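Predicted model only: the values in this text are computed from it and were never measured. For ligands, and for the atoms within them, numbers begin at 1 and follow the listed sequence.
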Amino acid sequence: MKSLAVLHASQLVTLAGPKRPRVGAEMCELAIIRDGGMLIHDGKIEIVGPSDQIGKNASGVETIDAGGRVVLPGFVDAHTHLVFAGNRLDDFERRIRGETYVQIARGGGGIWSTVEKTRAASDLDLFAKAEKHLQWFLRCGTTTVEAKSGYGLTVDDELKILRVIRQLNNDRPLEIVPTFLGAHAVPRQMNADEYIDLVIHEMLPRVAAEKLAEFCDVFCERGYFDVEQSRGVLTAASKRGLRLRLHADQLTNSGGAQLAAELKATTADHLEKTDEQGIAAMKSAGVQPVLLPGSVYALGLLDYPCARAMIEADLAVVIATDFNPGSSPTASMPMILSLACTQMKMSPAEGITAVTINAAYSLNRGDKIGSLEKGKLANFSVFDCADYRELAYWFGIPQVHSVYVRGEWVAGDRRGDRHYN
Ligand code: NIG
Ligand code: FE
């Protein structure tokens, strides 16, 4: 039973508040403690408060002096495609020359090219690549990631990816929440209905029996899976006990948000093309929007989702990286925060809420992570700045000082600053 004290954070950004996702003006309430600290015992937070109070309870306890830096809950990244082989550098150059995501997909690039490389890779190879990417996440201050399958598209290859995710979760400090995204693209030599049949009758039973995923997701989009096909997969997944997420209205307003609402999905993700009806439907069903500005940025597009309208409609907005080799090759939540502020006009405080407590609730973990409160896991990051707003302001500059999961150092600088009280 190890104890640890953290003292002298210029701002201990706790996000303490109601035990539910935050909406409307609540998204600006970060419950900051100035010159704050925490006492941690056995990986969990025991006391949160001003440093002088924590110091009194910490005699003989190993202490980290945050030295006037900002301390935040570890970021929770609620949408990633973590496991894949290869890269999409060719797509990147083709986009620069003016081709669109859809044109590139039709012309031999896109999701399919990553599927071919991922099928050819061994599980050991995929594990090593994903491990490297997890290190990127940790170094950017993220301590929990959702991770989707979806670059296998055969029974064996989808299971291979989900098993790699399970193994990573066992071996690495960062917690990974698995999502089955068998319906990510239609494999060559099959039509969408045939493939949907395979997903429902052969993949889902195996995924559920081996408990390889907590969530099921579908890419609901013209040229991928339409509303009816998406409904079929998600309804079958729900019957097998999986919760639901949905890639919705990314490239076209195709009724994805309404479908997420109809099925009481936990989240609808992307939403670049969602209109007022879609927002109203999500509100009435309690669906959390997961906005992914990294994919708009990296595809060189301009139509960011309407975050302001969603916040004004009292939706519990989440933002995430969408880490993947095609549309969003970044693991950097600080970069996503910058985009949220500059492109979607979210305030820095709203951004922080969207990547911590709201994201935690969207992964069904709001009772364990996402804020610095008594009883929660001691997952936190120390940033080399004095004001949390600097995270989104100094864009492209690494400001992470050090990262802790369950009270254990996992990334960044661990020199100095440590002593015994
Ligand atoms: O969320 N839109 C579908 N899936 C990913 C892109 C995957 C890829 O291009 O490899 C996304 O943007
Ligand atoms: Fe995605």
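- Listed by atom number, the atoms of ligand 1 under 4.0 Å from Asp322 heavy atoms are 1 (O), 11 (C), 12 (O).
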| Verdict with supporting geometry, Lys368 and Glu373, salt bridge (charged side-chain N to carboxylate O under 4.0 Å, His left out) | CA-CA 9 Å; Lys368 292 196 185 70; Glu373 293 179 274; over 6 Å; no
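- Protein heavy atom nearest atom 2 (N) of ligand 1, with residue, atom name and distance: Gln250 OE1, 2.7 Å.
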| query | How far apart are the C-alpha atoms of His133 and Phe84, what are their side-chain angles, what is the distance that settles it, and do they pass the ring-ring contact (aromatic ring centres under 6.0 Å, His included) test? | reply | CA-CA 10 Å; His133 298 149; Phe84 56 84; 5.2 Å; yes
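- Of the possible polar contacts, none joining the Glu390 side chain to the Cys385 backbone as a donor-acceptor pair under 3.5 Å is found.
- Judged by the shortest distance from any of its heavy atoms, Ile111 lies inside the 4.0 Å radius around the atoms of ligand 1.
- Between His247 and His81, a ring centre-to-centre spacing shorter than 6.0 Å is recorded.
- Between Ser327 and ligand 1, at least one N/O pair is under 3.5 Å apart.
- Its N, O or S atom nearest to the Fe ion (ligand 2) is what matters here, and for Asp322 that atom is OD1.
- In summary, the atoms of ligand 1 found under 4.0 Å from a heavy atom of His79, numbered by their order in the structure, are 1 (O).
- Of the protein's heavy atoms, His184 NE2, 2.9 Å lies nearest to atom 4 (N) of ligand 1.
- Residues Asp156 and Thr154 bring no donor and acceptor atom of their side chains to less than 3.5 Å of each other.
- Seen from the Fe ion (ligand 2), atom NE2 on His79 and atom NE2 on His247 lie at an angle near 90° (rounded to 10 degrees).
- Across the listed options Phe84, Tyr101, Phe323, Tyr101 owns the non-hydrogen atom lying nearest to atom 6 (C) of ligand 1.
- With ligand atoms numbered from 1 in the order given, ligand 1 contributes 5 (C), 6 (C), 7 (C), 8 (C), 9 (O), 10 (O), 11 (C), 12 (O) to contacts under 4.0 Å with heavy atoms of Asn324.
- Contact record, Arg95 with Gly326: NH2-O, 3.4 Å, taken as the closest heavy-atom pair.
- Nearest to atom 7 (C) of ligand 1 by heavy-atom distance, out of Tyr151, Trp112, Phe219, is Tyr151.
- No hydrogens or angles considered: nothing links the side chains of Thr179 and Glu214 as a donor-acceptor pair under 3.5 Å.
- At a 4.0 Å heavy-atom cut-off, ligand 1 touches His270 through the side chain alone.
- His81 lies close to the Fe ion (ligand 2), since one of its N, O or S atoms is found at a distance under 2.8 Å.
- In terms of protein heavy-atom proximity, atom 5 (C) of ligand 1 is closest to His81 NE2, 3.6 Å.
- Atom CZ of Arg119 sits in a crowded spot, with more than 12 heavy atoms from other residues, nucleotides or ligands closer than 6.0 Å.
- For His247, a nitrogen or oxygen atom sits less than 3.5 Å from a nitrogen or oxygen atom of ligand 1, counting backbone and side chain alike.
- Cation-pi geometry between Arg245 and Phe215 is met: the NZ or CZ atom falls under 6.0 Å from the ring centre, inside 45° of the normal.
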